[in-house]
Asker: 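One structure, pasted below without further comment.
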Amino acid sequence: MEGLIMAAQLLLGLSILVGLHELGHLLTAKMFGMRVEQYYIGFPPKIFGFRYGETEYNLGAIPLGGFVKITGMIDESLDTKSLSEEPQPWEFRAKPAWQRLIVMMGGIIVNVITGIIIFIFLTYQYGDTYIPRDEVLKNGIVAYDLGQEIGLQTGDKILKVNGKEYDKFSDLTDANVLLANDAYYTVDRNGQTLDVLIPTGFLDKFSDKEAARNFMQVRMPFEVGELMEGSNAEKAGLKMGDKILSVDSKPIAFFHELRDVLAEKKNKTVMIEVRRSDDSTIENQVDKSFTLQVDVTENGTIGFYQKPQITLGRTEYTLAEAIPQGTTDAFKIIWVNIRAIGKIFKGEVSASKSLSGPIGIAQIFGGEWDWVRFWRITGLLSMVLAFMNFLPIPALDGGHVAFLSYEIISGRKPSDKFLEGAQKVGMVLLLSLMTFAIFNDIFKVLF
């Protein structure tokens with residue numbers, strides 16, 4: 001079921017983004033009087049379609065892209081039969097270079113606008129809930145395997161990142177931090193201040209989905225939250241609001257400590273010391289402690305959700321505040337992509353670790369349908385799609401933009417034969433990249 005949900009979110013997200021991208025080309029082409037023969041979401045064979053005016057609108061069976069076919073344009077269809085004849089007024093090639101440039105930029109512009117609108121809406125509607133720096137300094141972190149590998153230790157209190165104070169815990173794993181040169185954390189370890197370097201190429205490991213969860217987290221004081229129906233915790237008499245003090249006489253202060261102890265006690269019975277308030281009225285509230293005997297499952301759990309006892313920060317935005325904040329968040333994605341590509345070319349980041357195809361993108365959406373997460377990822381992908389399409393690679397919009405910019409500056413138009421050859425080279429490059437990304441996804445899933 002998780003796989004189906006991942007696939008459904010991927011298809012819906014890509015259909016929205018590709019549909020809007022190609023709509024940008026269609027609307028700008030029609031605005032300048034160009035004839036648009038076909039508008040496709042997906043690639044043939046056609047599932048269904050209809051004709052409205054001079055344009056046929058279709059949904060293709062291969063949901064990995066889309067296209068518009070504009071008369072007189074050398075595109076991915078490589079249909080050049082009409083190019084031997086004199087250009088007609090409604091053809092792409094008959095229009096001034098500046099108009100053709102706007103048409104080729106149309107899809108990119110729509111994707112940028114779409115990404116900005118999504119981030120503005122999410123910022124305005126949901127604001128920002130986060131773990132503030134004070135909670136990190138109060139409780140310290142849990143350093144998992146990947147954190148320990150770079151020198152972090154459980155209990156470390158991170159004071160600064162790259163020499164600067166931060167506002168929230170998520171700032172510590174921000175892509176701009178991990179992509180920085182000579183990045184480091186300044187930590188307080190048992191009263192001693194020291195620097196922990198983030199090694200070059202660390203993003204390779206952090207980009208792995210499982211490894212990212214195996215880095216670090218804030219230590220969470222907790223109490224018992226919702227109990228799973230019929231669970232061992234419920235059967236033993238554990239209740240919401242209980243505070244777990246120890247397991248088999250081992251003191252418990254944070255949730256990771258409980259999880260680690262239970263992982264060692266799989267399929268065993270443990271004695272859990274609990275503190276419970278026996279009166280709901282604050283004036284007469286009395287805490288009492290007692291011990292429960294609880295069976296641990298083969299998965300190392302007893303069947304309840306934690307209720308973290310930390311103070312979360314929350315920032316709410318008016319619409320006027322959400323517009324610049326959402327726009328900034330959207331363009332941060334493009335900046336991160338630029339820096340990441342630079343690292344790849346320098347050999348500091350592995351292409352195989354950084355590039356994802358359809359399977360990798362589907363995994364980012366996750367196996368649960370969360371509309372907030374869906375729109376956040378769709379907004380991110382919209383900005384990534386705009387950036388990737390702007391790269392000056394033949395067969396991408398950016399390749400057409402590069403040739404048209406040359407024509408506008410030099411006053412000389414590249415020959416149709418040259419453009420056709422460039423388009424073929426670009427198609428080979430794109431197909432090779434797509435093949436690499438798909439097989440890279442499969443490799444990461446299997447190994």
Side-chain angles (χ1 to χ4, degrees), residues 4 6-30 34-85 88 90-93 100 103-104 106-108 110-111 114 356-362 378 381-382 384-386 388-389 391 393-400 416 419-439 441-442:
L4 290 176
M6 287 182 190
Q9 291 185 93
L10 173 67
L11 293 178
L12 178 60
L14 286 183
S15 296
I16 292 171
L17 296 181
V18 170
L20 290 172
H21 179 92
E22 300 304 336
L23 185 64
H25 292 310
L26 180 144
L27 293 177
T28 49
K30 287 182 175 288
M34 301 178 193
R35 178 176 293 171
V36 181
E37 299 175 23
Q38 291 182 317
Y39 168 88
Y40 250 98
I41 299 177
F43 293 113
K46 178 173 68 175
I47 297 176
F48 70 88
F50 63 92
R51 178 174 290 278
Y52 182 77
E54 64 188 13
T55 307
E56 185 181 351
Y57 298 85
N58 300 305
L59 178 66
I62 304 175
L64 296 177
F67 64 91
V68 290
K69 182 168 176 50
I70 303 172
T71 303
M73 174 183 168
I74 300 175
D75 57 16
E76 53 267 31
S77 70
L78 297 177
D79 182 5
T80 59
K81 290 182 291 185
S82 64
L83 298 183
S84 59
E85 303 172 359
Q88 299 300 313
W90 58 81
E91 291 189 32
F92 178 86
R93 58 184 175 145
R100 286 179 276 137
V103 171
M104 297 317 304
I108 296 172
V110 167
N111 278 134
T114 299
S356 291
I359 297 173
I361 297 172
T378 300
L381 290 176
S382 190
V384 171
L385 182 62
M388 297 301 292
N389 263 288
L391 295 176
I393 299 174
L396 289 178
D397 295 342
H400 292 282
D416 290 340
L419 293 176
E420 182 182 351
Q423 192 74 15
K424 290 178 179 178
V425 171
M427 288 295 293
V428 171
L429 288 174
L430 289 181
L431 289 173
S432 299
L433 183 61
M434 184 177 293
T435 301
F436 170 78
I438 291 172
F439 279 97
D441 279 353
I442 294 171

Asker: Restricting to side chain to side chain contact (heavy atoms under 4.5 Å, CB included), what partner residues turn up for Ala29, sequence neighbours left out?
Answerer: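 Ala29: side chain to side chain contact (heavy atoms under 4.5 Å, CB included) contacts with Met34, Val36, Ile70, Val103.
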Asker: Rounded at 0.5 Å granularity, tell me how far CG in Leu12 sits from CG in Leu17.
Answerer: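 CG of Leu17 is found 9.0 Å from CG of Leu12.
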Asker: What residue pairs, at least two apart or across chains, pass salt bridge (charged side-chain N to carboxylate O under 4.0 Å, His left out) with a residue in residues 8-18?
Answerer: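 Sorted result for residues 8-18: empty, none.
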Asker: At their closest point, which heavy atom of Phe43 faces which heavy atom of Gly66, and how far apart are they?
Answerer: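 Nearest heavy atoms, Phe43 then Gly66: CZ-N, 3.6 Å.
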Asker: To the nearest 0.5 Å, what is the distance between CD (Gln9) and CD1 (Ile361)?
Answerer: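 Spacing of CD (Gln9) from CD1 (Ile361) equals 13.0 Å.
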Asker: How long is the straight-line distance from CG of Leu14 back to CG of Leu385, given to the nearest 0.5 Å?
Answerer: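 Going from CG on Leu385 over to CG on Leu14, the span is 8.5 Å.
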Asker: Could you go through residues 425-436 and list every donor-acceptor pair under 3.5 Å that involves a side-chain atom there, pairing it with any protein atom two or more places apart or in another chain?
Answerer:
{"residue": "Ser432", "atom": "OG", "partner": "Val428", "partner atom": "O", "Å": "2.8"}
{"residue": "Thr435", "atom": "OG1", "partner": "Leu431", "partner atom": "O", "Å": "2.8"}

Asker: Once you round to the nearest 0.5 Å, how far does CD of Glu54 lie from OG1 of Thr71?
Answerer: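 Rounded to the nearest 0.5 Å, the CD-OG1 separation comes to 7.5 Å.
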Asker: In Å and rounded to the nearest 0.5 Å, what is the NE2 to CD distance from His400 to Gln423?
Answerer: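 Nearest 0.5 Å value for the NE2-CD distance: 4.5 Å.
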Asker: For Ser382 and Thr114, work out which heavy atoms get closest and say how close.
Answerer: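 Looking at all heavy atoms of both residues, the shortest contact is OG-CB, 3.6 Å.
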Asker: Tell me every residue that passes side chain to side chain contact (heavy atoms under 4.5 Å, CB included) with Val18, counting only those two or more places apart in sequence or in another chain.
Answerer: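 In terms of side chain to side chain contact (heavy atoms under 4.5 Å, CB included), with neighbours along the sequence ignored, Val18 is linked to Glu22.
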Asker: Residues two or more places apart in sequence or in another chain: which of them pass side chain to side chain donor-acceptor pair (under 3.5 Å) with Thr378?
Answerer: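 None.
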Asker: Any heavy-atom pair between the side chains of Leu26 and Thr55 that's under 4.5 Å?
Answerer: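 They are in side-chain contact.
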Asker: Check ring pair (Phe, Tyr, Trp, His ring centres under 6.0 Å) between Tyr57 and all other residues, then give those that pass, not counting sequence neighbours.
Answerer: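 Only Tyr39, Phe50 meet the ring pair (Phe, Tyr, Trp, His ring centres under 6.0 Å) criterion with Tyr57.
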Asker: Going by the rule side chain to side chain contact (heavy atoms under 4.5 Å, CB included), which residues pair with Leu59 if we only count those two or more places apart in sequence or in a different chain?
Answerer: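 Once residues adjacent in sequence are excluded, the partners of Leu59 under the side chain to side chain contact (heavy atoms under 4.5 Å, CB included) criterion are Ile41, Ile47, Phe48.
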Asker: For Glu37 and Met73, what are the C-alpha separation, side-chain angles and deciding distance, and is it a side chain to side chain contact (heavy atoms under 4.5 Å, CB included)?
Answerer: CA-CA 11 Å; Glu37 299 175 23; Met73 174 183 168; over 6 Å; no
Asker: Please list all pairs meeting side-chain hydrogen bond (donor to acceptor under 3.5 Å, both in side chains) that have one or both residues in residues 10-21, counting only residues at least two apart or in different chains.
Answerer: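 Sorted result for residues 10-21: His21-His25, His21-Asn111, His21-Asp397.
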Asker: How would you list, by chain and number, every residue that makes a side chain to side chain contact (heavy atoms under 4.5 Å, CB included) with Glu56, sequence neighbours excluded?
Answerer: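 So Glu56 forms a side chain to side chain contact (heavy atoms under 4.5 Å, CB included) with Gln38, Lys46, Arg51, Asn58.
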